Amino acid sequence: MKKLHLFSLGLLSMSSLIISSCNDNKTTTATMETKTGITKAAFGETDGKEVFLYTLTNAKGTQVKITNYGGIVTSWVAADKDGKTSSIVLGFDSLSGYLAKPPYFGALIGRYGNRIAKGKFKLDSTEYTLATNNDANHLHGGNKGFDKVVWESSTSSDSTAVLVLSYTSKDMEEGYPGNLKVDVTYTLTDDDELKIEYNATTDKKTVLNLTNHSYFNLTGDVSNSVLDHNLTIDADRYTPVDKGLIPTGELKAVKGGPFDFTSVHKIGERIDSVEGGYDHNFVLNKTDSSLKLIATLSEDKTGRKLEVFTMEPGVQFYSGNFLDGSIKTSAGKPINKHGGLCLETQHFPDSPNQPSFPTTTLLPGQKYHTVTVYKLSVNK
Ligand code: GLA
């Protein structure tokens, strides 16, 4: 029997809001009491462990739901310019949707976001072999990456809703060396920022590249493709790839071509001249590891705008090219090609094999620390 426990955790305040929800084109409007803070509900069980769904609510009534299975952001419901609410990320209502292995919807990715060529890399003189789970290459941490494990969780909500997820990845798990302790802290602020802070330490030299794989569709309705979304990315260069999507090593200028998002362009405007669609790492112009605005995504009809801030040197812009309608939303709508897009902040793909790229090596005693913020707003 499905458990329906709801645990209330540190509810801060209550306010009355007009909530309209737009699911599968049906819009319902109701006056609802919203409680800022964080609640926890049972979400199922896997690997013999209980899985929970946390709901983070801020003073504006924006709600982000996150499960400790894979650290997945399952929904992010916010108002558009007319006050209608809908989720701006792709996701499911139940754990079973995720256990069916959708392509990393909303998930935390580790140990290595994106690809490592041939699933091999060397540290000092030791060669490590990883799963080749993407044709000849290794992708997103392997067969059972951080997106498919149950994380320990704890919450707090003194002023804002905070969810801390922790996972210890054992030495040689998925082929990676070192016992790695990872904490990921999700915070939803009253300014509609979803802040993701990653911290990690290892007891042996290893490689690490953590990210979040949320698919955004600012229309809030997956029947609309993202090709009409407007995008800017503060990157003068990108990393061209081979047929297996492994960087060639070149940092190529984007100027004047389809990868040039230094000024605003519709995603669909030049996509036909990019073989397979966008699935590329952009070399951000920022020159240090401070938290900077690196990309802005917007959608005219809803007025929604998403700004991406990161400490990372790169971002993988993936235009949902492999979505093909075979996966359906919980309401049964097919998720078609370009039904969502990802802006995965990261170090560059295949860095362990590319000495000229910023390093992804983590040493014992070093502290891995990186922050990414997705900030949502509405242009009225
Ligand atoms: C990343 C990759 C893509 C694809 C998706 C998941 O963004 O770069 O090639 O594998 O994940 O489908």
Side-chain angles (χ1 to χ4, degrees), residues 70-73 89-92 97-98 100-119 130-148 174 196 209-217 222 225-226 229 231 233 235 238-248 259 261 267 271 274-284 294-295 297 308 310 312-328 334-354 357 360 372 374:
I72 294 170
V73 177
V89 295
L90 303 187
F92 304 109
Y98 295 102
K101 301 192 180 151
Y104 309 97
F105 284 6
L108 293 177
I109 305 295
R111 295 191 189 190
Y112 201 94
N114 216 276
R115 294 174 177 77
I116 296 179
K118 309 263 186 314
L130 311 168
T132 46
N133 57 329
N134 189 249
D135 299 325
N137 301 315
H138 176 82
L139 177 69
H140 291 335
N143 292 324
K144 190 168 180 174
F146 292 178
D147 59 300
K148 297 182 187 71
E174 289 292 324
I196 314 176
N209 189 25
L210 301 174
T211 191
N212 175 278
H213 207 301
S214 286
Y215 287 70
F216 297 97
N217 184 325
V222 75
S225 94
V226 294
H229 285 43
L231 180 64
I233 304 178
Y238 75 109
T239 49
V241 286
D242 68 14
K243 291 265 178 251
L245 299 177
I246 297 293
T248 58
F259 295 95
F261 284 97
I267 287 164
I271 198 169
V274 180
E275 204 187 328
Y278 295 103
D279 192 356
H280 295 80
N281 171 66
F282 286 70
V283 179
L284 299 174
I294 58 102
L297 182 72
V308 185
T310 194
E312 289 298 294
V315 66
Q316 185 82 10
F317 166 37
Y318 169 57
S319 52
N321 316 317
F322 300 121
L323 300 171
D324 61 3
S326 59
I327 299 172
K328 306 219 164 32
I335 303 175
N336 295 319
K337 188 169 182 180
H338 310 312
L341 68 91
C342 305
L343 290 163
E344 301 155 66
T345 55
Q346 62 181 14
H347 272 56
F348 308 168
D350 199 33
S351 298
N353 295 309
Q354 309 247 8
F357 288 178
T360 49
T372 289
Y374 295 101

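Just so it is clear, the structure is predicted and the values come from calculations on it, not from any experiment. Read the numbers this way: they start at 1 and go in the same order the structure lists the ligands and their atoms.
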* Structure fact -> ligand 1 to Pro103, heavy atom cutoff 4.0 Å, flagged ligand atoms 12 (O)
* Mutual orientation of the aromatic rings belonging to Tyr238 and Phe259 [parallel < 30°, tilted 30-60°, perpendicular > 60°] -> parallel
* Asked: For ligand 1, does Asn134 get within less than 4.0 Å through its side chain, its backbone, both, or neither, judged by non-hydrogen atoms?
  -> neither
* Those atoms of ligand 1 less than 4.0 Å from some heavy atom in Leu245 -> 9 (O)
* Asked: Any side-chain donor-acceptor pair under 3.5 Å between Gln346 and Asn281?
  -> yes
* To do: Assess the side chains of Thr360 and Asn209: does a donor N or O sit below 3.5 Å from an acceptor N or O?
  => no
* Enumerated ligand 1 atoms positioned under 4.0 Å from heavy atoms of Tyr104 -> 6 (C)
* Asked: Backbone, side chain, both or neither: what part of Leu139 comes under 4.0 angstrom of ligand 1, heavy atoms only?
  -> side chain
* Asked: Who's the nearest protein heavy-atom neighbour of atom 7 (O) of ligand 1, and how far?
  -> Glu344 OE2, 2.8 Å
* Asked: Of the protein's non-hydrogen atoms, which lies at the shortest distance from atom 3 (C) of ligand 1, and what is that distance?
  -> Asp279 OD2, 3.0 Å
* To do: Report yes if some N/O of Arg115 lies less than 3.5 Å from some N/O of ligand 1; otherwise report no.
  => yes
* To do: Considering only NZ, NE, NH1 and NH2 on the basic side and carboxylate oxygens on the acidic side, decide whether Lys148 and Glu174 come within less than 4.0 Å.
  => no
* **Nearest protein heavy atom with distance in Å, relative to atom 1 (C) of ligand 1** => His140 NE2, 3.2 Å
* Consider only side-chain N and O atoms of Asn353 and Asp350, and report whether a donor and an acceptor are under 3.5 Å apart. => yes
* Asked: Is the Phe348 ring parallel, tilted or perpendicular to the Phe357 ring (thresholds 30°, 60°)?
  -> perpendicular
* Verify whether one side chain among His280 and Gln316 offers a donor that lies under 3.5 Å from an acceptor in the other. => no
* For ligand 1, which atoms sit closer than 4.0 Å to a heavy atom of Phe322? -> 4 (C), 9 (O)
